[in-house]
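Take a look at the structure set out below.
In what follows, residues are counted from 1 in the order of the sequence shown. Remember, it's 1-based here, ligands and their atoms both numbered in the order they're listed.
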Amino acid sequence: MERVVARGPRNLLRQIREALAGGGPAQDRLDKVVRVIAGSMVAEVCSLYLRRAAGDMELFATEGLKREAVHVTRMKPGEGLVGEIMRQGRPINLSDAPSNPHFSYHPETGEDPYHAFLGVPLLRGGRAIGVLVVQNRTERIYDEDEIDDLQTIAMVLAEMVAAGEVVGQAEFKGVELQPHRPERLKGMRFADGLAIGVAVLHEAPVAPEKLLADDSTHEAKRLEQGLQRLRRQIDEMLDGSHGLVGQTFEVLEAYRMFAHSRGWNRSLEDAVRSGLTAEAAVERVRSEQRVQMSQTRDAYLRERLHDLEDLADRLLRILAGETPGSRVLPEDAVLIARNLGPADLLEYDRTKLRGLLLEEGSSASHASIVARALGIPCVGRLQNLRDRVNAGDPVIVDGEIGEAFLRPRPDVIEAVQARAAVREQRRAEFDRLRDTPAFTRDGGKVTLLMNAGLAVDLESLEMTGAEGIGLFRTEFQFMVAEELPRLDAQTALYARVMEAAGDRPVTFRTLDLGGDKVLPYLQAEREDNPALGWRAIRMGLDRPALLRMQLRALIAAARSRELQVMFPLVATVDEFRTARSLVDRELAWAQRRGRPIPERVRVGVMIETPALIWHLDALLPMTDFISVGTNDLMQYLFAADRGNPRVSDRYDLLSPPALRALKTIGDACADTGTPVSVCGEMAGRPLEAFALIALGFTRLSMPPAGIGPVKAMVLSLDAGAARRGLTAALKSGAGSVRNEIETLARKLNVAV
Ligand code: PEP
Ligand code: MG
């Protein structure tokens, strides 16, 4: 505690702040800043280099070197010690700089007599935007406290520079204080659509006015309290009382390791001691780690450093006193994040959220599914996204192609607006098709249903003209709730859904939790492979009280109408038999109490595990209908985690094994007269839907946005010709037959 009062560059930071606030030309203010730093660090030289937009570092101010060199001396990335600091994003501390191989001699600076050299980067969002150097004549190594102090000064300078407090953009054109040029990043399409809006950072940085502490003792206390709360939160989560499984658990274990790690804690405390606020300390430590992260080649280490970043975000939220859901969005917001859990997205105001850009993620993850369900265009896997974008930047989400435009030029905006207008027109055409029944050209009826999960989805029923809800994901209600939804809340939602659907059928799927759908309030054990673990019906059968409560709510909501319910992730006929018997028990329970019971109850099963494909002969007679969940079925068929970006898109659904598996299911259902639908995401993509119809499927359930395009496809389709044409593709020896199927569709003039 003594040190808190005794040392640190707090005084210096105050002087810098005063120097910068002093008014007058920017150059004078900068000169003053380097002068006070040199004085305080007892250095003969202090120089500030800032990064030009072209990437060069330019000497912007110096105390001790020749003034003629200012705005003349420049270094390329990697050139000289300054360039090396910028490249590495790390300090360089040398007792005799001229003898270092990286030293590059710039005679105009007159730096010959100086030997000792300490340079630190000005880091912002994981990038070096400048370098701050002190030099001394004598050969000496700067001690750790000095390095620390200079880093703190550099951090504050970096934030001030970025906020335009040091050099006005007008005065120093071309200085790359923060990314400001238009950029185009290539990523992957997670949810279709176009959006133009302003960037909102899911993980927001600390505002410059909150950088310097007025009272360091108080900040040290805040930091300690914040850290304590953080550790408690994580410990509680790990205690098992919050129901974490698999990956989430591992991440938290890493969190706990870091949260308790002396290194991290000490870095934070040191930063506060040097005069920063608790928030700024978190940001500074994070900034340094980010640079390290971008340089490590070790994927595992990179992941762990990501965890550490998340931890920093968590700590910042604690310090800000933020509670979940308290974030306010501007109009036309485009959310920028590394990755999002499905519930994270639902916390934002949907009426203002136009788009979503992710650094990571995968198209089959539930965050992407939620984005598609909400009709929010989403592009993921955008490298270094968060370092390239500032809050408030204009951005474009191109979910058609899978690209993001940051700070787009007016012509790009115009081009995208034109495309959006065409989309709008097509949508209007789809709207016109809304009441047109989906018949193929050769007279076959295709039933187009939509997937839903929240009350907000219900509007889409009218808008799209879907013929019903083929998959209602009941767990979404649980995921957005703070606590387990009670019986009456469940009943109310289901009744509302049936009400909105009117005569149209609704198929409710019982809770599909686990895997990547984790509830903070439901207890679960840690698992090594959550996708293969205790999820969906497995959880339901082991916790029959939960499943029965849900069935009770469904029966109560249906009153005397028809009820359709199906079970997810069934792997054996016995599981289905048991699940079905629970429905019977609940019906009997309602009947005994004289409650209304549905006029008809149809109980179905989702085919999501390959095992069932070879037991259809036993399964089909027991079930009233089948729904093929291709998202899961394909992840298990190809043994590729749908939530893991490294593997999720490795295999093509339009491949002989996948199509043959689907055909086996479709044929068995046709032979036994079992109603069958496909409700995975593929059903909503015209080319994939074309293949499904060619395989013989005539009931497709999809995200609402898919209905129009798929209907247009159906109306242009000769299903008989498609079926005949697909036979060759099914026999192909290729790993993917996407091209063949596309060629076939074009040959048949199908609108895919
Ligand atoms: C599926 O797995 O295909 C499916 C429809 O269910 P979910 O995406 O909710 O797992
Ligand atoms: Mg599924």
Is there a donor-acceptor pair under 3.5 Å between the side chain of [X] and the backbone N or O of [Y]?
{"X": "D624", "Y": "G604", "value": "no"}
{"X": "Q550", "Y": "L511", "value": "yes"}
{"X": "R650", "Y": "R646", "value": "yes"}

Please confirm whether [X] approaches ligand 1 to less than 4.0 Å, judged on its heavy atoms.
{"X": "R509", "answer": "yes"}
{"X": "E681", "answer": "no"}
{"X": "R642", "answer": "yes"}

- Item | Contact list for residues 689-717, test side chain to side chain donor-acceptor pair (under 3.5 Å), sequence neighbours left out | N451-S701

- Task: Measure from the Mg ion (ligand 2) to every N/O/S atom of E608 and report the name of the nearest one.
- Result: OE2

- Task: May I ask you to list the atoms of ligand 1 that are less than 4.0 angstrom from any heavy atom of E608?
- Result: 1 (C), 2 (O), 4 (C), 6 (O)

- Atoms of ligand 1 close to G680 [distance to a heavy atom under 4.0 angstrom, numbered from 1]: 3 (O)

For ligand 1, is any non-hydrogen atom under 4.0 Å from [X]'s backbone (N, CA, C, O), its side chain (CB onward), both, or neither?
{"X": "R473", "answer": "side chain"}
{"X": "L471", "answer": "side chain"}
{"X": "D512", "answer": "side chain"}

- Just say parallel, tilted or perpendicular for the rings of Y651 and F638, cut-offs at 30° and 60°. parallel

- Of L513, T510, D512, which meets side-chain contact (heavy atoms from CB on, under 4.5 Å) against M539? L513

- Query: Is there an N/O/S atom in D632 that lies less than 2.8 Å from the Mg ion (ligand 2)?
  - Reply: yes

- ligand 1 to R535 polar contact by distance, N or O atoms, under 3.5 Å: no

- Query: Purely on distance, is any nitrogen or oxygen of E475 under 3.5 Å from one on ligand 1?
  - Reply: no

- salt bridge (charged side-chain N to carboxylate O under 4.0 Å, His left out) filter on E562, not counting sequence neighbours, yields R600

- Please indicate whether R504 has more than 12 foreign heavy atoms, meaning atoms of other residues, nucleotides or ligands, lying under 6.0 Å from its CZ. yes

